[in-house]
Participant: 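Please find one structure pasted underneath; my questions will follow.
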Amino acid sequence: IEKIVLFLLEQQGQLANRLCDLRQQHDVILQLSNGGSKICELQEAYRGVGHDLLRLLFFVEMNAIGLRKILKKFDKRFGYRFTNYYVKTRANHPYSQLRQVFRHVGIGAVVGAISRNLADLQDHQGNYVSIYDQPALSHPDPIVHSIKAAVNKLSNSTNFLEFLGKHAFIMQDDLRSPSEDDVVEQRYHFMSLLLNLVNTFLYMVNTYIIVPTADDYSLSLGAAATVCGVVIGSMAVAQVFSSVYFSAWSNRSYLRPLVFSSIVLLIGNTLYALAYDLNSIVVLLVGRLFCGLGSARAVNRRYISDCVPHKLRMRASAGFVSASALGMACGPALACLFQTDFKIYKLTFNQETLPGWIMAISWLIYLLWLSISFREPPQEIKQDIIPQEVRAGTVVNYAVENGITQPLLLNKELKQGENGDQEYDDGEEESCEKTRKPVTSIVSAYRLLTPSVKVQLLVYFMLKYAMEILLAEASVITAYYFIWSTNSVAIFLACLGLTVLPVNIIVGTYISNMFEERQVLLASEIMVLIGILLSFHIGIPYSVPQYVGSALITFVSAEVLEGVNLSLLSRVMSSRLSRGTYNGGLLSTEAGTLARVIADGTITLSGYFGVAKLLNATLVPSLFICISSIIATCVTYNSLY
């Protein structure tokens with residue numbers, strides 16, 4: 001560590017000397033009337049300092065990984081968590097050299113000097129506006145973005161926007177070079193991004209708008225109330241397959257999948273509404289299957305990942321999560337407004353059919369807007385572009401691992417790597433090409449899943465299962481125990497949906513900065529377990545406070561768990577899953593969708609035991625899966641940390 005820190009300080013001093021020399025040239029050039037060509041040369045010189053700073057950051061990151069490997073070996077051989085003691089005793093000690101690696105104070109000063117001078121030269125005005133008074137420059141240089149991304153990656157700094165972006169689980173490339181950013185800039189179109197976010201919002205509304213009335217609709221068609229599980233879950237069944245073909249389709253086009261999605265959803269909602277007058281449960285289920293086949297969330301994620309510039313991608317990802325949360329809350333809330341019953345010709349319009357008609361009209365309007373305003377991005381995607389900074393960092397890793405340069409870790413075992421290290425260090429591939437090459441099959445994607453990733457996917461499955469059980473059976477449970485009306489159920493579900501963004505604000509702004517993510521993960525799992533246990537009906541009469549309180553604990557804890565889990569998953573998943581058809585977003589979507597399918601099937605099967613036993617019968621599998629995920633989390637992270 002001393003060797004690393006002293007070299008870091010030496011390099012920072014050299015960068016500071018170069019910046020001082022450039023500052024003197026800067027002052028001279030500003031006095032000249034015809035210094036245009038000199039200004040360009042000076043800008044390139046500042047960018048050169050920026051590139052050298054990036055190389056220095058990659059050096060620090062590489063050695064931080066080496067330090068983690070050494071500490072992990074001590075943990076394995078000592079049999080207890082030596083790492084916790086080591087970091088705790090040295091992180092805040094005034095003479096600790098680790099602080100120099102973690103705090104980046106000197107690096108921040110260099111970044112500030114580069115960004116301020118580049119902005120000054122870009123404006124050609126010589127007006128010395130303080131970066132403290134005007135921190136957000138209108139057009140920061142791409143090298144500044146790359147440096148900030150590298151610093152954030154090294155320090156894992158967290159804020160609400162970043163937390164929401166990771167919640168969306170839109171896979172990010174490590175860093176982009178200016179040339180690759182130019183390609184993405186050409187593909188970016190604000191209205192097209194907005195249309196993708198509107199698609200996300202409408203689809204979530206479409207998913208949850210029928211939940212308060214699904215049981216009544218089933219009864220109207222002569223089926224049992226618990227068939228609502230099949231009605232709601234049929235959409236998720238179709239989504240398991242639609243996610244794959246939409247993800248593959250988005251490799252060639254974005255407009256055509258969105259148009260197809262809108263048409264299929266228009267047909268599906270129309271069939272859902274017509275099922276009442278046709279008195280056919282089959283038509284109802286076919287309509288919901290069509291709605292699931294129109295799920296274009298994989299396209300929405302891919303558009304943000306591939307066509308939104310790096311500087312806007314985190315905001316777009318946060319917009320994706322916000323649109324989903326808003327749709328989840330608006331769906332049940334809209335169901336409150338459909339308390340009417342009338343006929344036009346032979347078509348019935350009531351609280352059961354109006355959700356289908358309203359969504360069909362909404363998708364028709366969206367389809368027209370899409371046809372007019374969406375701009376198909378250029379097809380040429382430069383997959384081989386590897387940022388100079390990333391190439392340098394990866395090549396250095398490759399060289400050190402293969403003994404081309406002198407490594408800091410002299411142990412032969414560390415150079416070859418043990419199986420345990422290879423399991424958990426998925427980001428360290430052998431070469432640049434292998435790092436950037438997307439997987440081509442679901443089998444290849446599965447092989448890239450390390451034990452820690454599999455546990456994260458299990459946790460995601462668990463929380464989606466618990467949430468689907470809670471939401472899908474709410475209308476049946478509340479009608480049986482509390483005789484709630486459709487309005488009451490809709491308001492209850494809407495209130496649950498409205499907790500999503502406030503909870504994410506609290507977690508992203510405060511909790512994630514106070515505790516480690518794995519601690520929040522385990523605590524959230526335990527809270528979900530407590531919520532499930534409190535939901536059981538055993539002995540005493542089931543009351544509204546018990547149901548609402550336990551539902552709130554389960555839902556809010558699951559929301560916290562989802563954000564933290566996907567944030568961890570985005571870091572431990574292989575970089576090869578950041579693009580292509582079988583990407584990380586698709587895998588997480590499939591895990592969540594499969595959980596919803598099984599949960600809705602559980603509700604329908606449990607209905608054969610009668611509504612009186614439905615609550616406990618559906619909670620038992622939730623309890624078993626939750627306990628299994630907690631055990632898996634403890635075992636995995638004990639071995640990892």
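Residue indices begin at 1 and follow the sequence shown.
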Participant: Give the intermediate values and the outcome of side-chain contact (heavy atoms from CB on, under 4.5 Å) for residues Thr213 and Phe338.
Facilitator: CA-CA 10 Å; Thr213 57; Phe338 301 150; over 6 Å; no
Participant: Treating Ser261 as the side-chain partner and Ser295 as the backbone partner, does any N or O pair qualify as donor plus acceptor under 3.5 Å?
Facilitator: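 No, Ser261 side chain to Ser295 backbone: no donor-acceptor pair under 3.5 Å.
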Participant: Is there a side-chain contact between Leu258 and Asn300 in this structure, where contact means two heavy atoms from C-beta onward sitting under 4.5 Å apart?
Facilitator: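 Yes - at least one pair of side-chain heavy atoms lies under 4.5 Å apart.
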Participant: Side chains of Thr353 and Asn350: donor-acceptor distance under 3.5 Å anywhere?
Facilitator: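 The answer is yes; a qualifying pair exists.
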Participant: Kindly compute the distance separating CG (Leu471) from CG (Asp600), expressed to the nearest 0.5 Å.
Facilitator: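 So the gap between those two atoms works out to 10.0 Å.
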Participant: Look up atom CG in Leu195 and atom CG in Asn199, then write down how far apart they are to the nearest 0.5 Å.
Facilitator: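 The CG atom of Asn199 is 8.5 Å from CG of Leu195, to the nearest 0.5 Å.
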Participant: Begin from the C-alpha positions of Arg596 and Met467 and carry the test side-chain contact (heavy atoms from CB on, under 4.5 Å) through to its verdict.
Facilitator: CA-CA 8 Å; Arg596 290 174 53 205; Met467 289 174 69; over 6 Å; no
Participant: Is the Phe246 ring parallel, tilted or perpendicular to the Trp249 ring (thresholds 30°, 60°)?
Facilitator: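 If you compare the ring of Phe246 with that of Trp249, the planes turn out parallel.
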Participant: Compare all side-chain heavy atoms of Phe320 with those of Leu197 and state whether any distance is below 4.5 angstrom.
Facilitator: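 Sidechains of Leu197 and Phe320: in contact.
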Participant: Parallel, tilted or perpendicular: which fits the ring planes of Tyr366 and Trp363, with parallel below 30° and perpendicular above 60°?
Facilitator: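 Judged by the thresholds at 30° and 60°, the geometry between Tyr366 and Trp363 is perpendicular.
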Participant: Considering all heavy atoms of both residues, which atom of Gly233 and which atom of Val597 are nearest to each other, and what is their separation?
Facilitator: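 Here Gly233 and Val597 meet closest at O-CG2, 4.4 Å.
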Participant: Quick one: closest heavy-atom pair of Ala316 and Val308, and the distance?
Facilitator: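 The pair with the smallest heavy-atom distance is CB-CG1, 4.1 Å.
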Participant: Please check: side-chain N/O of Ser250 versus main-chain N/O of Ser247, any donor-acceptor pairing under 3.5 Å?
Facilitator: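 At least one qualifying donor-acceptor pair exists.
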Participant: Determine the minimum heavy-atom distance between Cys330 and Val205, stating which atoms define it.
Facilitator: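 Smallest heavy-atom distance, with atoms named: CB-CG2, 4.2 Å.
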Participant: For the atom pair CD1 (Ile603) and CD1 (Ile469), what is the distance rounded to the nearest 0.5 Å?
Facilitator: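 Between atom CD1 of Ile603 and atom CD1 of Ile469 there are 4.5 Å.
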Participant: Hydrogens and angles aside, do Glu352 and Ser220 bring a side-chain donor and acceptor to less than 3.5 Å of each other?
Facilitator: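 Their side chains do contain a donor-acceptor pair, which is all the 3.5 Å distance test asks for.
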Participant: side-chain contact (heavy atoms from CB on, under 4.5 Å), that's the test. Do Glu590 and Val244 meet it? Break it down for me.
Facilitator: CA-CA 9 Å; Glu590 291 292 281; Val244 178; 4.1 Å; yes
Participant: What orientation do Tyr245 and Phe260 show, parallel under 30°, tilted 30 to 60°, or perpendicular over 60°?
Facilitator: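 Perpendicular.
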Participant: Provide the closest heavy-atom pair for Ser192 versus Tyr303 in the form atom of the first, atom of the second, distance.
Facilitator: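 Closest heavy-atom pair between Ser192 and Tyr303: CB-OH, 3.1 Å.
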Participant: Would you call Tyr217 and Ile210 a side-chain contact if the rule is heavy atoms closer than 4.5 Å?
Facilitator: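 No, too far: nothing below the 4.5 Å cut-off.
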Participant: Indicate whether any N or O donor in one side chain lies under 3.5 Å from an N or O acceptor in the other, for Thr340 and Gln351.
Facilitator: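 No.
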Participant: Looking at Phe241, I want to see if its CZ is surrounded by more than 12 non-hydrogen atoms of other residues, nucleotides or ligands under 6.0 Å.
Facilitator: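 No, CZ of Phe241 has 12 or fewer neighbouring heavy atoms, counting only those of other groups under 6.0 Å.
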Participant: Give a yes or no on this: more than 12 heavy atoms of other residues, nucleotides or ligands lie within 6.0 Å of atom CZ of Phe290.
Facilitator: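 Atom CZ in Phe290 is not packed in, count stays at 12 or less.
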Participant: Treating Ser234 as the side-chain partner and Val231 as the backbone partner, does any N or O pair qualify as donor plus acceptor under 3.5 Å?
Facilitator: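 It does hold such a pair.
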Participant: Does some side-chain heavy atom of Phe190 sit less than 4.5 Å from a side-chain heavy atom of Arg375?
Facilitator: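 Heavy-atom side-chain distance check fails, nothing below 4.5 Å.
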Participant: With rounding to the nearest 0.5 Å, note down the distance linking OG1 in Thr348 to CG in Asp341.
Facilitator: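 So the gap between those two atoms works out to 7.0 Å.
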Participant: Once you round to the nearest 0.5 Å, how far does CG of Leu594 lie from OG1 of Thr589?
Facilitator: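 Here the interatomic distance stands at 12.0 Å.
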Participant: Please name the pair of heavy atoms, one in Val500 and one in Ala325, separated by the smallest distance, quoted to 0.1 Å.
Facilitator: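 Looking at all heavy atoms of both residues, the closest pair is CG1-CB, 3.5 Å.
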Participant: Side-chain contact test, heavy atoms from C-beta onward, threshold under 4.5 Å: evaluate it for Gln239 versus Leu293 and give yes or no.
Facilitator: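 Sidechains of Leu293 and Gln239: no contact.
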Participant: Do Thr499 and Glu559 pass the side-chain hydrogen bond (donor to acceptor under 3.5 Å, both in side chains) test, and can you show the C-alpha distance, the side-chain angles, and the key distance before you say yes or no?
Facilitator: CA-CA 9 Å; Thr499 62; Glu559 276 300 321; over 6 Å; no
Participant: For a quick test of reading the model, state the closest non-hydrogen atom pair linking Ala329 to Gly497 and the distance between them.
Facilitator: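 Ala329 and Gly497 have their closest heavy atoms at CB-C, 3.8 Å.
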Participant: Short question: side chain of Asn565, backbone of Gln456 - any donor-acceptor pair under 3.5 Å?
Facilitator: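 Yes: the side chain of Asn565 pairs with the backbone of Gln456.
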Participant: Just so I know, are the side chains of Ile209 and Pro332 near enough to count as touching, which here means a heavy-atom distance under 4.5 Å?
Facilitator: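 Side-chain contact under 4.5 Å: no.
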Participant: Evaluate Trp369 against Met191 for side-chain contact (heavy atoms from CB on, under 4.5 Å), listing each step before the verdict.
Facilitator: CA-CA 10 Å; Trp369 184 17; Met191 187 57 69; 3.7 Å; yes
Participant: Could you tell me whether the side chains of Arg301 and Asn196 share a donor-acceptor contact shorter than 3.5 Å?
Facilitator: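 No - no donor-acceptor pair under 3.5 Å links their side chains.
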Participant: Compute the centroid of each ring, for Phe374 and then for Tyr254, and state whether the two points are separated by less than 6.0 Å.
Facilitator: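 No, ring centres 6.0 Å or more apart.
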Participant: How about Met359 and Leu265: do any of their side-chain heavy atoms sit closer than 4.5 Å?
Facilitator: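 They are not in contact (no side-chain heavy atoms under 4.5 Å apart), so the answer is no.
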Participant: Calculate, to the nearest 0.5 Å, the distance between atoms OG and CG belonging to Ser362 and Asn206 respectively.
Facilitator: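 Reported to 0.5 Å precision, the distance equals 8.5 Å.
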Participant: With side chains defined as the heavy atoms from C-beta onward, is the minimum distance between Arg297 and Ser324 less than 4.5 Å?
Facilitator: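 Sidechains of Ser324 and Arg297: in contact.
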